Engineer: 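Mind looking over this structure? Questions follow.
All values reported here derive from a predicted model rather than from experimental measurement. Every heavy atom of this structure was used, including side-chain atoms; hydrogens, water molecules and symmetry mates were not.
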Amino acid sequence: VEVDARDIGSFIKHMHVRHLTTPVMFRAELMRFFCFIFLVFASCNSQSQEIQGIDFPSQFHGVWDYSLEQCDKQLSTARVTINSKGIEYWESFGVISKVISQTKNSLYVILSMSGEEENWLVESEFRIEKEKLVDLFIDESSSFTRVRCKGKT
């Protein structure tokens, strides 16, 4: 159930406009109001829960970065960490919401992403070519190649 603040205002305005002439009508409207508030809180709570996705295949697991030199640095904006639960970029995290196609060294997916207080979907293809991870962003028609960082998990 999706509820936003405009719905609450509309509901309260509707309660004030209606003539609640009997105690039974008042109790019925009050019950509807509390049910509505419950739905609002349930909606907020469900959005804050961790998103569950489809596991990333193990051959893609690891820490990947632009170069081996970047791997040695403490921080890197190009670094990506992939484990069974998802993929972590610099300021966002994604889980596989749908696998479109998969081979041994290729994975074409829809990722459910979140970061910086936003959520979005992105179509991506990941390939392992010559020990490198090629990250293709289908929506942007661009790609990024990374090497596996040795000794990092």
Side-chain angles (χ1 to χ4, degrees), residues 1-15 17 29 31-153:
V1 175
E2 209 170 292
V3 179
D4 71 13
R6 293 179 301 239
D7 295 333
I8 296 170
S10 171
F11 186 85
I12 292 171
K13 182 179 177 184
H14 174 75
M15 280 187 64
V17 170
E29 282 299 313
M31 185 59 87
R32 283 184 62 223
F33 178 75
F34 285 121
C35 288
F36 184 81
I37 295 300
F38 173 78
L39 289 174
V40 169
F41 283 112
S43 172
C44 292
N45 188 32
S46 68
Q47 291 172 358
S48 66
Q49 293 175 355
E50 185 177 321
I51 301 169
Q52 298 295 320
I54 301 165
D55 286 355
F56 262 88
S58 61
Q59 64 268 32
F60 294 94
H61 293 187
V63 178
W64 303 83
D65 212 328
Y66 180 70
S67 67
L68 290 174
E69 292 78 25
Q70 286 295 110
C71 289
D72 293 334
K73 294 185 178 183
Q74 183 72 20
L75 298 172
S76 170
T77 58
R79 188 166 297 153
V80 168
T81 303
I82 300 175
N83 59 37
S84 61
K85 294 182 182 187
I87 184 167
E88 184 176 356
Y89 291 94
W90 174 250
E91 292 183 332
S92 60
F93 182 78
V95 297
I96 298 174
S97 59
K98 181 178 182 180
V99 175
I100 297 170
S101 68
Q102 180 178 354
T103 65
K104 181 181 177 192
N105 291 318
S106 176
L107 183 64
Y108 186 19
V109 295
I110 304 290
L111 294 174
S112 178
M113 301 294 298
S114 62
E116 299 181 355
E117 299 182 23
E118 297 205 22
N119 298 311
W120 65 98
L121 295 175
V122 65
E123 193 175 337
S124 291
E125 183 174 359
F126 300 93
R127 290 189 205 143
I128 297 178
E129 297 176 355
K130 299 178 184 175
E131 301 292 317
K132 294 183 178 183
L133 177 72
V134 180
D135 191 348
L136 298 148
F137 305 101
I138 308 303
D139 297 344
E140 299 172 14
S141 300
S142 63
S143 67
F144 199 86
T145 302
R146 297 177 175 88
V147 298
R148 189 185 301 263
C149 297
K150 305 290 184 210
K152 295 195 178 209
T153 56

Engineer: Going by the side-chain contact (heavy atoms from CB on, under 4.5 Å) test, name the single residue among Val134, Val80, Ile87 that passes it with Phe126.
Structural biologist: Ile87
Engineer: Report the distance from atom CG of Leu107 to atom CG of Leu136, rounding to the nearest 0.5 Å.
Structural biologist: 11.5 Å
Engineer: Kindly indicate whether the side chain of Tyr66, heavy atoms from C-beta on, has any atom under 4.5 Å from the side chain of Thr77.
Structural biologist: no
Engineer: Evaluate the side-chain proximity of Ser84 to Phe56: yes if any heavy-atom separation is below 4.5 Å, no if none is.
Structural biologist: no
Engineer: According to salt bridge (Lys or Arg N to Asp or Glu O under 4.0 Å), who are the partners of Glu125, at least two apart in sequence or on a separate chain?
Structural biologist: Arg127
Engineer: Verify, without hydrogens or angle tests, whether Gln59 (side chain) and Lys104 (backbone) share a donor-acceptor contact under 3.5 angstrom.
Structural biologist: yes
Engineer: Would you list the pairs meeting disulfide (SG to SG under 2.5 Å) in which at least one residue belongs to residues 59-130, sequence neighbours left out?
Structural biologist: Cys71-Cys149
Engineer: Name each donor-acceptor pair under 3.5 Å that joins a side chain in residues 93-102 to protein atoms two or more places apart or in another chain, with its distance.
Structural biologist:
from	atom 1	to	atom 2	distance (Å)
Ser97	OG	Ile110	O	3.1

Engineer: Applying disulfide (SG to SG under 2.5 Å) as the test, list every pair that has at least one member in residues 110-148; sequence neighbours left out.
Structural biologist: none
Engineer: How long is the straight-line distance from CZ of Phe144 back to OH of Tyr89, given to the nearest 0.5 Å?
Structural biologist: 10.0 Å
Engineer: Who passes side chain to side chain donor-acceptor pair (under 3.5 Å) against Ser67, sequence neighbours left out?
Structural biologist: Glu69
Engineer: Taking the side chain as every heavy atom from C-beta outward, state whether Glu129 and Asn105 have any atom pair closer than 4.5 Å.
Structural biologist: no
Engineer: Quick one: NZ on Lys150 to CG on Leu68, what's the gap to the nearest 0.5 Å?
Structural biologist: 7.5 Å
Engineer: Measuring from Leu121:CG to Leu111:CG, what's the distance to the nearest 0.5 Å?
Structural biologist: 9.0 Å
Engineer: Suppose we screen for side chain to side chain contact (heavy atoms under 4.5 Å, CB included). Which residues come up paired with Trp120, at least two apart in sequence or across chains?
Structural biologist: Ser92, Met113, Glu118, Val122
Engineer: Thr103: which residues meet the side chain to side chain contact (heavy atoms under 4.5 Å, CB included) condition with it, sequence neighbours left out?
Structural biologist: Ser106
Engineer: Quick one, Asp65 and Arg146 - any side-chain contact, counting heavy atoms below 4.5 Å?
Structural biologist: no
Engineer: By ring-ring contact (aromatic ring centres under 6.0 Å, His included), which residues pair with Phe60, not counting sequence neighbours?
Structural biologist: none
Engineer: CH2 of Trp64 to NZ of Lys132: how many Å apart, nearest 0.5 Å?
Structural biologist: 11.0 Å
Engineer: Any pair with a residue in residues 79-135 that passes disulfide (SG to SG under 2.5 Å), sequence neighbours left out, goes on the list, sorted by first then second residue, please.
Structural biologist: none
Engineer: Mind checking side chain to side chain contact (heavy atoms under 4.5 Å, CB included) for Glu117 and listing every partner two or more places apart, or none if nothing turns up?
Structural biologist: none
Engineer: Before you tell me yes or no, could you show the steps for Val109 and Ile54 under side-chain contact (heavy atoms from CB on, under 4.5 Å), namely the whole-Å CA-CA distance, both residues' side-chain angles and the distance that decides it to 0.1 Å?
Structural biologist: CA-CA 10 Å; Val109 295; Ile54 301 165; over 6 Å; no
Engineer: Not counting sequence neighbours, which residues clear side chain to side chain contact (heavy atoms under 4.5 Å, CB included) with Lys73? List them please.
Structural biologist: Gln70
Engineer: I'd like to check the salt bridge (Lys or Arg N to Asp or Glu O under 4.0 Å) partners of Arg148; sequence neighbours left out, ordered by chain and number.
Structural biologist: none
